[in-house]
**Student:** 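I'd like to ask you about the structure that follows.
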Amino acid sequence: MCGIVGITSSKEVTPRIISSLKKLEYRGYDSAGLATLSNGNINEVKCEGRVDALEKNIIQTKISGSIGIGHVRWATHGKPSSINAHPHSSEDVSVVHNGIIENSTILKKLLENKGYKFKSQTDTEVIVHLVTDYLKKNNLKNTIIKVLKKLHGSFALGIIFKDQPDLIVGARRGSPLAVGYGPNEHYLGSDSYALKSMTNKISYLNDGEFCILKKDQVEFFDADGTKVNKKILNLSKDDQNYEKGDYKYYMAKEIDEQPITLKNCVNEYIDKHNKEINIYNFPWKINEISSVILIGCGTAYHSCLVAKYWFEQNTSLDVRVDIASEFRYRKIKFKKDCLYVFVSQSGETADTFAALDLCKKNNVKTCAVVNVVESSIARDADLVLPIHCGPEVGVASTKAFLGQMLVLYLLCTKLSYEQKSINKKDYQKKIKDLLSLSKSAKNTLNIEDKIQTLGKDFANSKGSMFLGRGYSYPIALEGALKLKELAYVHAEGYPAGEMKHGPLALIEEGMPVVVIAPRDEHYKKTISNMQEVISRGAKVLLITNKSTDEIYSENIWEQIEVDAISDELIPFLTTIPLQKLAYYSALDKGYDIDKPRNLAKSVTVE
Ligand code: M6R
């Protein structure tokens, strides 16, 4: 959360900082700011709102410089406002910060007692005054070492100094930070995505490290100031120009891309000729694993919940699912024969990363299912399984969810075959089914007209429920999450069989309810539950699959039928109408679909 960009160069940097900040807006978009050094002064422009507004201010104020730092904010301490926007500056230094300084209240008191005056309500401003204070008696490097030791919590920092006309300091603890290399200039970014338009040569700071960037030199140091050598990585340029094209929102494009992203991912893992799933560099023998724990947050967590059913059904492994923010503080008995799988689109989610870090400290087997292969989670896990979706820009996760499910399904199927829990015939049948998944996903996209109208009803309801059993229960949770985050309507996902244990009391005349009931082993039971809500006045949108069998239920409000594919793969299809439903509900309300209120794409704070 929050985005940082910094450039030290001999050329003008302001327009490039602005364009990188636009790329970083997915990390936070409640306020933005920029500071440059010119003529021996720090010039700062900040405003509430989007980078577009900042750009207008910059045109008016005409600030310029060949060194600068910029920031997009997702508020943690202090409401979104131009005063609380970053950078925060004294006469001598200017700071941009991602993360949370947990001891900021104590530090603020100490600094106020020394006479420092605070302008904002942020935790970040303590860093400004600490640096200013330490610089009085220390050189720059020792100042940074001492200041970082004073700070508790998580941070990625970019700092410029009035008296250092071509120098930026970057520092990292918890929040990611990357350095980019250009021709006679260097860059700092909270992720490589922000820097990709300027360079494909990147190094990442590890936790506790800091760096000093000049236009012609970069140095990295550990927390004690010892020099660290860094590898320079070459990033692929593929994702560089990911644009909306003719779509109004990235989310619409990302939903429609799903048949292609599924196909790409299947092609990466499946050897069609030998009918084989390839998981390259799998570092363990199959008999070294007897259980699996799947860990993630939000939508990624929902993909783990679906995968639990697959692992239970197809393998003899014990399988558990955990929310990363819970896992990291639980008193876990770590097991050497357990595979800990971390699922994250961004690969930067603070809770998921901390849970992985805990596993690493306990020396257990770790695997990352990620979209961003250069991310912190990917870099730290023993095994990385990319989901091959390409960039996902919309804050609401769509194609990454299908990609996460797909990779978990491939992992499960491979392990079940290796374990001999399924035979060769079943294994190859599953592979065959996977090869036609993309086509069925494409067929599912053709529901535009119907779903647009339904979106209105959901958008204008007081609240709604999403019900399912088996694999369809986590899909119900995911459908409800999408509606909440995009249309700001209360929605609850529930196991259909649990309704009569309480939530049935919520059903009233006209309440829209989604029932996900593919014709699997749970079908009849779910249809009975559907009937129970219909008889209490609910308007039911039934999502099922095509069949020649009639549906024995009356008064269904609307119905969407997806292709009839294997029961195990149905969640890939039933998800798509729910994504579209949330999209059209938000569109009806006129909300900013790619940047829903209060949220950010990459949640790098706790
Ligand atoms: O990048 P991650 O997959 O780790 O992100 C996890 C969640 O923050 C994310 O899935 C979130 O729930 C989405 N906004 C849901 O659409």
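Everything numeric here is computed off the predicted structure, so don't read it as measured data.
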**Student:** For side chain to side chain contact (heavy atoms under 4.5 Å, CB included), just list the numbers for Ile576 and Val562, CA-CA rounded to whole Å, side-chain angles, deciding distance to a tenth of an Å, and then say yes or no.
**Tutor:** CA-CA 9 Å; Ile576 295 173; Val562 300; over 6 Å; no

**Student:** Between Leu410 and Leu434, does a side chain to side chain contact (heavy atoms under 4.5 Å, CB included) hold up when you go through it step by step?
**Tutor:** CA-CA 9 Å; Leu410 288 159; Leu434 279 170; 3.7 Å; yes

**Student:** Under a 3.5 Å distance rule, please check whether Asn264 uses its side chain to pair with a backbone N or O of His388 as donor and acceptor.
**Tutor:** no

**Student:** Mind listing the closest non-hydrogen atom pair of Ala378 and Val370 along with its distance?
**Tutor:** CB-CG2, 3.9 Å

**Student:** Check whether Gln452 reaches the backbone of Asp449 with its side chain - one donor and one acceptor, N or O, closer than 3.5 Å.
**Tutor:** no

**Student:** Sub-3.5 Å donor-acceptor pair from the side chain of His71 to the main-chain atoms of His97, do we have one?
**Tutor:** yes

**Student:** If the test is side-chain contact (heavy atoms from CB on, under 4.5 Å), which one of Asn529, Ile534, Val540 qualifies with Val515?
**Tutor:** Val540

**Student:** Without swapping roles, check the side chain of Tyr29 against the backbone of Pro596 for a donor-acceptor pair under 3.5 Å.
**Tutor:** yes

**Student:** So does Ile295 get a backbone contact from the side chain of Asp322, meaning a donor-acceptor N/O pair under 3.5 Å?
**Tutor:** no

**Student:** Verify the neighbour count for atom NZ of Lys500: are there more than 12 heavy atoms of other residues, nucleotides or ligands below 6.0 Å?
**Tutor:** yes

**Student:** Report, as yes or no, whether the 6.0 Å neighbourhood of atom NZ on Lys546 holds more than 12 heavy atoms from other residues, nucleotides or ligands.
**Tutor:** yes

**Student:** Given 3.5 Å as the limit, does a donor-acceptor pair link the side chain of Glu392 with the main chain of Lys399, or not?
**Tutor:** yes

**Student:** With a 3.5 Å distance limit and no angle check, can you tell me whether Glu348 reaches the backbone of Ser376 through a side-chain donor-acceptor pair?
**Tutor:** yes

**Student:** Check whether any side-chain heavy atom of Ser461 sits under 4.5 Å from a side-chain heavy atom of Val489, and report yes or no.
**Tutor:** yes

**Student:** Between Tyr309 and Tyr473, is a side chain to side chain contact (heavy atoms under 4.5 Å, CB included) present by the stated rule, with each step listed?
**Tutor:** CA-CA 10 Å; Tyr309 290 87; Tyr473 162 48; 3.9 Å; yes

**Student:** Do Arg27 and Asp191 meet the salt-bridge criterion of a basic N to acidic O distance under 4.0 Å?
**Tutor:** yes

**Student:** Which word best sums up how the rings of Phe458 and Phe466 line up, parallel for under 30°, tilted for 30 to 60°, or perpendicular for over 60°?
**Tutor:** tilted

**Student:** Are more than 12 heavy atoms, taken from residues, nucleotides or ligands other than Leu358, located less than 6.0 Å from that residue's CG atom?
**Tutor:** yes

**Student:** Would you call the rings of Phe342 and Phe327 parallel, tilted or perpendicular if under 30° counts as parallel and over 60° as perpendicular?
**Tutor:** perpendicular

**Student:** Between Thr544 and Ala517, is there a donor-acceptor pair closer than 3.5 Å when you use the side chain of the first and the backbone of the second?
**Tutor:** yes

**Student:** Please report the C-alpha distance between Leu569 and Tyr409 in whole Å, then the side-chain angles of each, then the deciding distance to 0.1 Å, and finally whether the side chain to side chain contact (heavy atoms under 4.5 Å, CB included) criterion is met.
**Tutor:** CA-CA 9 Å; Leu569 298 185; Tyr409 184 76; 3.7 Å; yes

**Student:** What heavy-atom pair brings Glu25 and Val72 nearest, and what distance separates the two atoms?
**Tutor:** CG-CG1, 4.0 Å

**Student:** Mark yes or no for whether Asn98, through its side chain, and Ala156, through its backbone, hold a donor-acceptor pair below 3.5 Å.
**Tutor:** no

**Student:** Closer than 3.5 angstrom, by distance alone: can the side chain of Lys601 be matched with the main-chain N or O of Gly394 as a donor-acceptor pair?
**Tutor:** yes

**Student:** To the nearest 0.5 Å, tell me how far Leu486 CG sits from Met251 CE.
**Tutor:** 4.5 Å

**Student:** Taking atom NZ of Lys263 as the centre, does the number of heavy atoms from other residues, nucleotides or ligands within less than 6.0 Å exceed 12?
**Tutor:** no

**Student:** Against Arg50, only a single residue in Leu21, Asp592, Asp30 fulfils side-chain contact (heavy atoms from CB on, under 4.5 Å); can you say which?
**Tutor:** Asp592

**Student:** Does a sphere of radius 6.0 Å around CG in Asp246 hold more than 12 heavy atoms from other residues, nucleotides or ligands, not counting ones at 6.0 Å or beyond?
**Tutor:** no

